[in-house]
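See structure below.
Being a predicted model, the structure only gives us computed values, none of them experimental.
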Amino acid sequence: MRNGTSYLQNFFPGYRRLSRLPKQFLAINPFAGDCMPSRVRLLAPGSDRPTQPFPHRWNYEDPVRILETYFWKADEEQGPGRHNRYLDVPGFAPVLVTRDPGMIRAIATATGDREGQFDRDTLPSVGIARATGTDTLLYANGAEWKKQRKIAACPFGKTTLFQPEQFCEFADTFRETVRGRIDVLRQHLTASGKKTVDIQLEPEVKVVMLEMLTNNFFGADILYEELREKYVPALERVIDHIVKDTVKNRLGIPWRKFPSVSDRIVRAKADDATFEELTQRILVPRGEKKALWKQFKSDAPDAKLISNLKVFLAGALEATTSYATWAISHLARHPDAQEKVFEEVKDIDVYTPEILAGAKYLRAVLDETLRLTPSLYFLPRRATADTWVTSADGRKMFIPWGTHLLLDVWHANRHDDHWGVQVSGYPANEFEPDRWRILAESGRATKDTLHFGFGHGPRVCPGKHLGELEVGLTVGALVKTFRFQSESPANLARAGVSTKPADGTRVCMSLRSP
């Protein structure tokens, strides 16, 4: 019987979908084990749940709310269904959403190129692939992903970035970039003749992050004014289009192939051309072996690097901007924490890996930022085979072939079961850097306090160490020069490719005394 089933699966691609239709119509749970998820209904007329449990053109701009729908009234439940929910619609593959850190860790760890492991689910990334190409580290799976990871590993790895000579070169140029932008803010404040200035910092941070990527990391020579006036706005519109394209473009046709029959399409094509131009400009230093290109070992032609460079530029800009603006936004609402960071960094002039590691409170602020407000608010995975997953504490879940998995980092990190008073000394939904001291003193192992801020497992973000360096330097330098506060205690989020403060990181800034 097993051989006959395997034969049908191999030669009739739709067999598995057809074979599970009876169970889907009977609403039989397709999962198994002692960590069984609870079912979420596709439609719930008359209920007060946030929205439908799938993205469509009227709710795709609020993906966090879609994830919340899966856990509507989940806290009334005891058992594994409290943190594990699934949607199973006849004719479609099941969707599993988990906010269980143990399951998130187990699934992320079992993601790779070996047979039976989970793939990165490409469904949420189709808009990115249409904008950048499919031959990228982000979109690829299996052998192609392994090849792409090997190419990216050397320049982004900690052993490369933190080599003394390499690190000093980057640190010097990073510091110069950040110092220049902070001087502009200082001059703006001085010229205003006022003691304080109300400003939206996200646009400023975004340009600084792109400048560090293009000029410091890749060795390009692009004027700040060009980045601010030309490239950042174009990239913002490209990223916004990617989000819309993922949900709305049901035909799957890249928009650059559409005829230019509207202003919107003309604008989109112009932005695409600007994105291409920026990518070509960071390729120029490759021939001169400048900056990162000194560490780049691949002999692949430039044309083969374009897609990955586009993904890196857009992805790194989104992630680092999110990370830095959230840290600033939290500190603007917690003046005591801001002053503790100041006391720690006020005498730091040169950032080295050792000094960064020694700035323990700044490190706690950054970890708390990634826990409470991660840029990567969910990690998409897909089951390539019928798979049993076992968490570190021994709980097991059977996940059927084809299942789409959303590892809901955002809500896992905000639930009191995982991060509340009994676990960390503070409520889970509050920004409290001191919880990391309590966790360390309690002796909890690092693996038990994962915030998944850069993902986890083999597909962890390759730019993790670069991002930590950029954000640590930017936030430290800003706190060293300015005091800043928010007029609003609420710190709401907006989400697209990444999450960011909904108010654009609006703060009231004043210069610290010399």
Side-chain angles (χ1 to χ4, degrees), residues 132 136-137 148-184 205-232 234-235 273-321 324 350-353 356 461-474 477:
T132 63
T136 66
L137 183 63
Q148 299 282 356
R149 185 182 65 169
K150 186 176 180 180
I151 292 173
C154 185
F156 293 112
K158 186 176 182 179
T159 54
T160 297
L161 283 175
F162 287 179
Q163 285 178 359
E165 180 180 353
Q166 188 75 46
F167 183 87
C168 288
E169 179 182 333
F170 281 135
D172 287 344
T173 55
F174 284 162
R175 274 203 312 278
E176 190 61 33
T177 292
V178 173
R179 186 183 298 118
R181 299 311 136 224
I182 285 181
D183 282 346
V184 171
V205 170
K206 189 170 289 186
V207 183
V208 170
M209 292 304 174
L210 187 57
E211 188 175 12
M212 285 198 282
L213 289 171
T214 58
N215 293 7
N216 304 151
F217 194 61
F218 285 107
D221 186 16
I222 305 175
L223 294 175
Y224 172 80
E225 289 73 21
E226 283 188 278
L227 292 169
R228 181 183 181 87
E229 303 300 328
K230 181 178 182 180
Y231 292 118
V232 165
L235 269 173
T274 301
F275 193 10
E276 178 72 24
E277 177 187 297
L278 179 63
T279 308
Q280 293 294 338
R281 291 186 72 171
I282 66 171
L283 266 171
V284 171
R286 185 187 184 191
E288 304 168 29
K289 295 291 183 183
K290 292 172 66 175
L292 122 85
W293 296 113
K294 288 187 293 190
Q295 304 296 327
F296 193 69
K297 307 302 182 185
S298 173
D299 58 358
D302 287 357
K304 288 290 186 181
L305 304 180
I306 294 294
S307 293
N308 266 321
L309 288 174
K310 284 183 174 181
V311 167
F312 178 77
L313 281 174
L317 179 62
E318 276 287 295
T320 54
T321 300
V350 178
Y351 283 78
T352 67
L356 285 171
C461 175
K464 171 182 177 179
H465 302 295
L466 177 64
E468 293 282 11
L469 174 61
E470 290 178 310
V471 174
L473 175 58
T474 301

Would you give the length of the straight line joining atom CG of Leu283 to atom OG1 of Thr279, rounded to the nearest 0.5 angstrom?
->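 Reported to 0.5 Å precision, the distance equals 7.5 Å.
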Can you tell me how far CD of Glu226 sits from OG1 of Thr274, rounded to the nearest 0.5 angstrom?
->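 Taking OG1 in Thr274 and CD in Glu226, the distance rounds to 11.0 Å.
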Is [Y] close to [X] at the side-chain level, that is, under 4.5 Å between some pair of heavy atoms?
X	Y	answer
Leu137	Val311	no
Asn215	Thr177	no
Leu466	Leu213	yes
Leu313	Leu210	yes
Thr474	Thr320	no
Phe217	Ile282	no
Gln148	Thr136	no

Quick one: do Leu469 and His465 satisfy side chain to side chain contact (heavy atoms under 4.5 Å, CB included)? Show the steps, please.
-> CA-CA 6 Å; Leu469 174 61; His465 302 295; over 6 Å; no
Mind checking side-chain contact (heavy atoms from CB on, under 4.5 Å) for Arg181 and listing every partner two or more places apart, or none if nothing turns up?
->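 Testing Arg181 for side-chain contact (heavy atoms from CB on, under 4.5 Å), a comparison that skips the adjacent residues, returns Val184, Val208, Glu211, Tyr224.
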Go through the structure and list residues passing side-chain contact (heavy atoms from CB on, under 4.5 Å) with Glu288, not counting sequence neighbours.
->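 Listed in chain order: Val284, Lys290.
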Solution key, residues 299-307 side-chain donor-acceptor pairs under 3.5 Å, sequence neighbours excluded:
| residue | atom | partner | partner atom | Å |
| --- | --- | --- | --- | --- |
| Asp302 | OD1 | Arg286 | NH1 | 2.6 |
| Ser307 | OG | Thr132 | O | 2.7 |
| Ser307 | OG | Asp135 | OD1 | 3.0 |

So which heavy atom on [X] is nearest to which on [Y], and how close?
X	Y	answer
Tyr231	Arg281	OH-NH1, 3.1 Å
Ala291	Gly219	CB-N, 3.5 Å
Leu317	Thr321	O-OG1, 2.6 Å

[X]: salt bridge (Lys or Arg N to Asp or Glu O under 4.0 Å) partners, not counting sequence neighbours:
X	result
Lys289	none
Glu470	none
Glu229	none

Could you go step by step and tell me if Met209 and Lys206 meet the side chain to side chain contact (heavy atoms under 4.5 Å, CB included) rule?
-> CA-CA 5 Å; Met209 292 304 174; Lys206 189 170 289 186; 5.8 Å; no
Charged N-O contact under 4.0 Å between Lys230 and Glu225 |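 So Lys230 does not pair with Glu225 through a salt bridge.
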Could you check whether the rings of Phe218 and Trp293 sit parallel, tilted or perpendicular, using 30° and 60° as the cut-offs?
->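 Tilted: the ring planes of Phe218 and Trp293 meet at 30° to 60°.
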